[in-house]
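Structure, as structure tokens:
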Amino acid sequence: MSIWWSLHLRREAASVPLARRLLVGAMETAGVDPDISYDLSLALSEACANAVEHGGDSSTGYLVTAFIDGDTCRIEVTDSGPGFPEQPRPHGRRSRLPQPPRPPAPAEDEHGRGLFLIESLTDHVRVRNRPGRQGAVVTFDKILKWREDAALLRAS
């Protein structure tokens with residue numbers, strides 16, 4: 001059995017805890033280990049906060065999609081902001097690939113640690129610009145651990 005859901009949210013701070021609660025509720029219902037659920041919910045909060053802060057003008061929203069399939073959860077957050085800066089290439093050409101995430105900001109900074117936290121909390125992260133459109137896509141995966149009474153394990 002698989003679980004899939006998608007939300008189109010407004011770029012408002014109140015949308016971040018909403019997305020997090022929906023993810024935690026789905027994982028709790030499915031029987032995901034609480035520590036894994038916590039890591040994913042924190043990573044989702046960071047990705048949503050980045051979309052709210054950097055995701056375009058205030059009239060646009062952002063999209064959160066989550067898949068639980070087998071022993072993996074994949075979450076994708078897509079916004080319509082300016083995207084990630086392009087990497088400079090030799091001879092003045094620009095790459096179409098976004099720059100890799102930067103090292104974490106100093107501990108006293110209030111910004112700049114979101115992508116680093118997502119990378120620390122999950123097993124695989126992909127950061128890219130939306131093809132053919134303005135915006136950024138942050139996708140991350142985590143291998144799941146299950147409680148013994150997991151509903152998804154019984155349904156398989």
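Position 1 is the first residue of the sequence, and the numbers go up from there. What you see is a predicted model, and the numbers here were worked out from it, not measured in a lab.
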Partner set under side chain to side chain contact (heavy atoms under 4.5 Å, CB included) for [X], not counting sequence neighbours:
{"X": "Ala66", "value": "Trp5, Leu23, Ile75"}
{"X": "Thr72", "value": "Asp141, Ile143"}
{"X": "Thr78", "value": "Leu63, Glu76, Arg130, Val137"}

Exercise for review: From the options Val64, Leu7, Val52, select the one residue that forms a side-chain contact (heavy atoms from CB on, under 4.5 Å) with Ser15.
Suggested key: Val52

Interatomic spacing from [atom1] in [X] to [atom2] in [Y] - rounded to 0.5 Å:
{"X": "Leu18", "Y": "Arg10", "atom1": "CG", "atom2": "CZ", "result": "12.0 Å"}
{"X": "Asp79", "Y": "Thr60", "atom1": "CG", "atom2": "OG1", "result": "7.5 Å"}
{"X": "Thr122", "Y": "Arg74", "atom1": "OG1", "atom2": "CZ", "result": "11.0 Å"}
{"X": "Glu46", "Y": "Ser41", "atom1": "CD", "atom2": "OG", "result": "10.5 Å"}
{"X": "Met27", "Y": "Asp39", "atom1": "CE", "atom2": "CG", "result": "10.0 Å"}
{"X": "Arg11", "Y": "Ser80", "atom1": "CZ", "atom2": "OG", "result": "7.0 Å"}

Check your understanding: Checking side-chain contact (heavy atoms from CB on, under 4.5 Å) for the pair Leu40/Leu144: CA distance, chi angles, key distance, verdict?
Key -> CA-CA 10 Å; Leu40 278 166; Leu144 300 175; 3.9 Å; yes

Hydrophobic cluster identity match, [X] and [Y], side-chain contacts under 4.5 Å:
{"X": "Leu42", "Y": "Leu9", "value": "no"}
{"X": "Ile118", "Y": "Val127", "value": "yes"}
{"X": "Leu117", "Y": "Val16", "value": "no"}
{"X": "Val125", "Y": "Val77", "value": "yes"}

Check your understanding: With a cutoff of under 4.5 Å between side-chain heavy atoms, which Ile, Leu, Val, Met, Phe, Trp and Tyr residues group with Phe67?
Key -> Trp4

Practice item. Share the residues that join Val24 in a hydrophobic cluster, the rule being Ile, Leu, Val, Met, Phe, Trp or Tyr side chains under 4.5 Å apart at the heavy-atom level. Key: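 Hydrophobic cluster check, Val24: no partners found.
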
Check your understanding: Has the side chain of Lys142 got a donor or acceptor atom that lies under 3.5 Å from a matching backbone atom of Ile36?
Key ->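 Side chain of Lys142 to backbone of Ile36, a donor-acceptor pair under 3.5 Å: no, none is there.
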
Check your understanding: Is there any salt bridge (Lys or Arg N to Asp or Glu O under 4.0 Å) pair reaching into residues 17-31, and which pairs are they, with sequence neighbours excluded?
Key ->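 Sorted result for residues 17-31: empty, none.
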
Review point. Can you name the nearest heavy-atom pair linking Trp146 to Gly70, along with the distance?
Key: CZ2-O, 3.2 Å

Review point. Is there a donor-acceptor contact under 3.5 Å linking the side chains of Arg128 and Thr139?
Key: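 Distance-only check passes for Arg128 and Thr139.
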
Practice item. Could you walk me through whether Arg147 and Asp33 pass the salt bridge (charged side-chain N to carboxylate O under 4.0 Å, His left out) test, one step at a time? Key: CA-CA 5 Å; Arg147 296 187 326 250; Asp33 176 84; over 6 Å; no

